[in-house]
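The structure appears below as structure tokens.
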2 protein chains.
Amino acid sequence: MIRKKVKLAYITNDSSRKATYKKRKKGLMKKMSELSTYCGIDTCAIMYSPYESETEFWPSP
Amino acid sequence: MIRKKVKLAYITNDSSRKATYKKRKKGLMKKMSELSTYCGIDTCAIMYSPYESETEFWPSP
DNA sequence: GATTCTATTGTTAGATG
DNA sequence: ACATCTAACAATAGAAT
């Protein structure tokens, strides 16, 4: 399996872009949660998207 | 060089915790910025900490 | 205490069910 | 459309400077 290097630019293909959004959102949420835990601090991430809008806080209010 | 697997918990050592905060904040900011670019959406990350407080938006206002 | 190094762990693009 | 797989790629813990 060979993956092409992805350049940092808007993904024009609709399904690829949505798939990337879903995967990366999940990864980001995890990392924000980890930072909150490791450092004992409050964090919040906001992502607006056509698919949905997400606002999440850590630690969970 | 052997690195122990880190468990997901508050890092009690002050300098380790601060170092982790700095490194992970940088990584998170990069990823938020990438998500904004890849998907053409607005994102925002907020991190409160004793060291500083950070709020950043993408794309840059 | 900031910066750099790198072994290791973690994330994810594209493929496949 | 959604879940899972995994090679390729990226982030980072701990050490060194």
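No hydrogens, no waters, no symmetry mates; every other heavy atom, side chains included, goes into these values. Throughout, a chain's letter reflects where its sequence line sits, starting with A, and its residues are numbered from 1.
Following rounding to the nearest Å, Tyr21(B) (OH) and dA13(D) (C1') show an atom-to-atom distance of 18 Å. Regarding Leu8(B), its CG atom lies at a distance of 14 Å from the P atom of dT12(D), rounded to whole Å. One can place CG of Asp14(A) at 17 Å from C1' of dC2(D), the figure rounded to the nearest angstrom. When rounded to the nearest whole Å, the span between CZ of Arg17(B) and C1' of dG14(D) equals 17 Å. Tyr38(B) places its OH atom 10 Å from the C1' atom of dT12(C), with the value rounded to the nearest Å. In this structure, the CE atom of Met32(A) is 18 Å from the C1' atom of dG10(C), given to the nearest Å. Computed from coordinates, the Lys26(B) NZ to dT4(C) C1' distance equals 11 Å when rounded to whole Å. Rounded to an integer number of Å, the gap from Asn13(A) CG to dG14(C) C1' is 12 Å.
Residues satisfying the side-chain contact (heavy atoms from CB on, under 4.5 Å) test with Ser33(A), not counting sequence neighbours, are Trp58(A). Contacts of Lys23(A) classified as salt bridge (charged side-chain N to carboxylate O under 4.0 Å, His left out), with partners at least two apart in sequence or in another chain: none. Listed by chain and residue number, Ser15(B), Ser16(B) satisfy the side-chain contact (heavy atoms from CB on, under 4.5 Å) test with Asn13(B) (two or more places apart in sequence, or in another chain). Taking Lys30(B) as the reference, Glu34(B) meet the salt bridge (charged side-chain N to carboxylate O under 4.0 Å, His left out) condition, with sequence neighbours excluded.
For the residue pair Thr43(B) and Ser36(B), the shortest heavy atom distance occurs at OG1-CB, 3.8 Å.
The nucleotide whose nearest atom lies closest to any side-chain atom of Lys22(B) is, among dA11(D), dA2(C), dT4(D), dA2(C). Taking the side chain of Glu34(A) as heavy atoms from C-beta on, and the options dT11(C), dA13(C), dA13(D), the nearest nucleotide is dT11(C). For Lys23(B), counting side-chain heavy atoms from C-beta on, the closest listed nucleotide (dT11(C), dA15(C), dA15(D)) is dA15(D).
Phosphate proximity of dA13(D) to Thr20(B): present, with a side-chain N or O under 4.0 Å from OP1 or OP2.
Taking the side chain as every heavy atom from C-beta outward, Met47(A) and Met29(A) approach each other to under 4.5 Å.
Summary of the strand contacts: Lys30(A) and Lys18(B) both lie near DNA chain C, and taking for each the nucleotide with the nearest heavy atom, the more 5' one is attributed to Lys18(B).
Overall bending of the helix from dA2(C)-dT17(D) to dG17(C)-dC2(D), expressed as the angle between end axes built from five pairs apiece, is 30° (10° steps).
Within the structure, no pair that satisfies the salt bridge (Lys or Arg N to Asp or Glu O under 4.0 Å) test touches residues 36-47 of chain A, not counting sequence neighbours.
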